[in-house]
Amino acid sequence: MLKRHLAIAGFVTLVAFATPVDSSAQMIRFIALWELAGDDGTLDEWYRQTHSQEVLERVGPWLTRYWTYRSHRLGPEVDRFNVTRYRVTEMWYPSVQFRDEASENMGQLSPAPPSHKESGDKTLISRIFVPANPTERFVKLIPPHRERPYFRWLMMLRFPEDVSTEEADAWYTDVHAPELAEVPGVLRFVSHKAISDPSEDRDWTRYSELWFDSYDGWKNAFLDSKLKFTNPPWDGGFPFADMISTFTADRPDMDFLQMKRRLP
């Protein structure tokens with residue numbers, strides 16, 4: 001059930017997909033998993049000098065954090081997990097109300113540079129809004145900072161259309177997640193329920209992170225061993241849902257709120 005992610009040509013409007021105002025004042029995160037065709041160096045220059053600066057000019061006053069992580073470009077052995085290989089963006093807002101106010105200023109952004117690998121340049125991106133803090137902590141440890149980065153598996157999930165949100169959440173939190181938490185090598189495992197958006201039918205409904213010491217630790221757990229999980233009431237094998245995922249370090253390589261802004 002690994003459906004491919006959304007294809008968007010030309011430009012990306014990161015925060016125009018507004019969700020209804022939440023009565024709470026909790027901080028929220030916008031998370032985007034990117035895959036762009038082309039040379040990473042050229043794309044990074046566009047991201048740093050053009051894309052991020054346009055975003056800051058339009059919604060910077062409402063942001064508390066604007067980070068991006070480089071995705072690890074792993075081989076085809078991870079394709080079964082519907083992997084993106086360019087970047088992950090995190091934009092944090094003080095609340096849903098702040099995000100909704102900011103979204104009125106976003107509009108269209110400049111397109112990425114033309115692809116050097118294929119004709120008909122495309123941007124592949126999946127996005128989700130979640131509470132800044134996890135809604136569930138299955139392995140609560142936050143590993144200490146170290147010089148060598150940790151290896152993170154980030155994933156967005158949505159369950160079959162004929163399965164209610166309540167049923168899916170109950171199975172995930174009570175059955176599946178506790179089994180994932182027992183996988184050898186998992187250092188941290190947290191999950192976030194999506195902030196609902198009635199304008200998006202069956203959008204991604206959950207975002208989760210699993211941390212490992214290294215790629216080898218993740219590979220030993222999910223590629224080299226034969227893990228067995230309890231099947232849900234619906235059909236399908238692991239991950240038992242539509243998934244899009246990526247792999248990154250535990251810290252960003254660009255912090256746009258701290259970087260020196262470009263001159264006009």
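This chain uses plain numbering: 1 for the first residue, then up along the sequence. Since the structure is predicted, the reported quantities are computational estimates derived from the model, not experimental observations.
The backbone N or O of Thr246 lies less than 3.5 Å from no partner atom in the side chain of Thr84, so there is not a single donor-acceptor pair. No side-chain donor-acceptor contact under 3.5 Å links Arg251 to the backbone of His145. Judged purely by atom type and a 3.5 angstrom limit, Ser52 has no side-chain atom pairing as donor or acceptor with the backbone of Phe256. His192 places no side-chain N or O within 3.5 Å of a backbone atom of Val130 that could act as its donor or acceptor partner.
Under the 4.5 Å side-chain criterion, counting only non-hydrogen atoms from C-beta, Val88 is not in contact with Arg70. Between Leu187 and Val139 the shortest side-chain heavy-atom distance does not fall below 4.5 Å. Taking 4.5 Å as the limit, some side-chain heavy atom of Arg127 sits within range of a side-chain heavy atom of Phe30. Inter-residue side-chain proximity for Met254 and Trp67 is flagged as unmet; no heavy-atom pair is nearer than 4.5 Å. Looking at Pro143 and Arg188, their side chains come closer than 4.5 Å, going by heavy atoms from C-beta outward. In this structure, the side chains of Trp92 and Met27 come closer than 4.5 Å at one or more pairs of heavy atoms. Inter-residue side-chain proximity for Phe98 and Leu63 is flagged as unmet; no heavy-atom pair is nearer than 4.5 Å. Using a 4.5 Å heavy-atom threshold, the side chains of His51 and Ser110 count as separate.
The OG atom of Ser71 lies 6.5 Å from the CG atom of Leu33; values are rounded to the nearest 0.5 Å. Residue Ser164 holds its OG atom at 8.5 Å from CG of Asp169, rounded to the nearest 0.5 Å. If you take CG on Asn105 and CD on Glu57, they are separated by 12.0 Å, rounding to the nearest 0.5 Å. Of the inter-residue distances, the one linking Trp204 atom CH2 with Asp242 atom CG reads 5.5 Å to the nearest 0.5 angstrom. One finds the CZ atom of Phe222 at 5.5 Å from the CG atom of Leu180 (value rounded to the nearest 0.5 Å). If you take CD on Glu54 and CG on Leu109, they are separated by 5.5 Å, rounding to the nearest 0.5 Å.
In this structure, Pro178 and Val175 approach most closely via the heavy-atom pair CD-O, 3.4 Å. The two residues Arg85 and Leu74 make their nearest non-hydrogen contact at NE-O, 2.8 Å. Nearest approach of Val186 to Ala181, heavy atoms of both residues: CB-O, 4.4 Å. Minimum heavy-atom separation, Ile125 to Ala32: CD1-CB, 3.8 Å. Across Ala102 and Val59, no two heavy atoms sit closer than the pair O-CG1, 3.3 Å. Here the closest heavy-atom approach between residue Ala177 and residue Phe189 is recorded as O-CE2, 3.4 Å.
In terms of hydrophobic clustering, with Ile, Leu, Val, Met, Phe, Trp and Tyr side chains grouped at heavy-atom distances under 4.5 Å, Leu141 and Phe212 are assigned to different clusters. In the hydrophobic clustering of this structure, Tyr47 groups with Leu56; members are Ile, Leu, Val, Met, Phe, Trp, Tyr whose side-chain heavy atoms approach within less than 4.5 Å, directly or through other members. One hydrophobic cluster, built from ILVMFWY side chains closer than 4.5 Å, holds both Val163 and Phe229. A single hydrophobic cluster is not seen to contain both Trp218 and Val190; linkage of ILVMFWY side chains at heavy-atom distances under 4.5 Å, directly or through other members, places them apart. With hydrophobic clusters built from ILVMFWY side chains whose heavy atoms lie under 4.5 angstrom apart, Leu36 shares a cluster with Val55.
With hydrogens and angles left out, the side-chain atoms of Thr248 and Arg152 include a donor and acceptor closer than 3.5 Å. Glu209 and Trp153 are not linked by any side-chain donor-acceptor pair at a separation below 3.5 angstrom, with hydrogens and angles left out of the test. For the 3.5 Å distance criterion, the side chains of Thr89 and Tyr66 fail to qualify, holding no donor opposite an acceptor. Of the N and O atoms on the side chains of Ser191 and Arg206, at least one donor lies less than 3.5 Å from an acceptor on the other residue.
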Starting from the C-alpha separation in whole Å, work towards a yes-or-no answer on side chain to side chain contact (heavy atoms under 4.5 Å, CB included) for Phe81 and Leu223.
-> CA-CA 11 Å; Phe81 301 116; Leu223 296 184; 4.2 Å; yes
For the pair Tyr86 and Asp40, evaluate side chain to side chain contact (heavy atoms under 4.5 Å, CB included) and give the outcome as yes or no after the intermediate values.
-> CA-CA 8 Å; Tyr86 178 52; Asp40 277 2; 3.7 Å; yes
Salt bridge (Lys or Arg N to Asp or Glu O under 4.0 Å) evaluation trace for Asp255 with Arg65 = CA-CA 8 Å; Asp255 180 345; Arg65 179 177 289 177; over 6 Å; no
Residues Gln26, Ser95; criterion side-chain hydrogen bond (donor to acceptor under 3.5 Å, both in side chains); working and verdict = CA-CA 5 Å; Gln26 65 181 348; Ser95 67; over 6 Å; no
Using the side chain to side chain contact (heavy atoms under 4.5 Å, CB included) rule, take Phe129 and Arg99 through it: C-alpha gap first, then chi angles, then the decisive distance, then the call.
-> CA-CA 10 Å; Phe129 286 99; Arg99 190 284 317 278; 3.1 Å; yes
Walk me through it: do Met155 and Leu210 pass the test side chain to side chain contact (heavy atoms under 4.5 Å, CB included)?
-> CA-CA 9 Å; Met155 62 187 74; Leu210 283 86; 3.7 Å; yes
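Classification of Arg73 and Glu35 as a salt-bridged pair fails, no side-chain N sitting under 4.0 Å from a carboxylate O. No salt bridge links Arg146 with Asp250; every basic N to acidic carboxylate O contact stays at or beyond 4.0 Å.
Taking the side-chain hydrogen bond (donor to acceptor under 3.5 Å, both in side chains) definition, one finds that Asp253 meets it with Arg87, sequence neighbours left out.
Under the ring-ring contact (aromatic ring centres under 6.0 Å, His included) test applied with His176, the options Phe138, Phe159, Phe240 reduce to a single match, Phe240. For the ring-ring contact (aromatic ring centres under 6.0 Å, His included) with His72, the qualifying choice from Tyr150, Phe151, Tyr215, Phe247 is Phe151, the only one to do so.
For Leu227, the CG atom counts as densely surrounded, since its 6.0 Å shell holds more than 12 non-hydrogen atoms of other residues, nucleotides or ligands. Around CD of Glu77, the count of heavy atoms belonging to other residues, nucleotides or ligands within 6.0 Å exceeds 12.
Aromatic ring orientation, Trp46 versus Trp34: perpendicular (interplanar angle above 60°, classes split at 30° and 60°).
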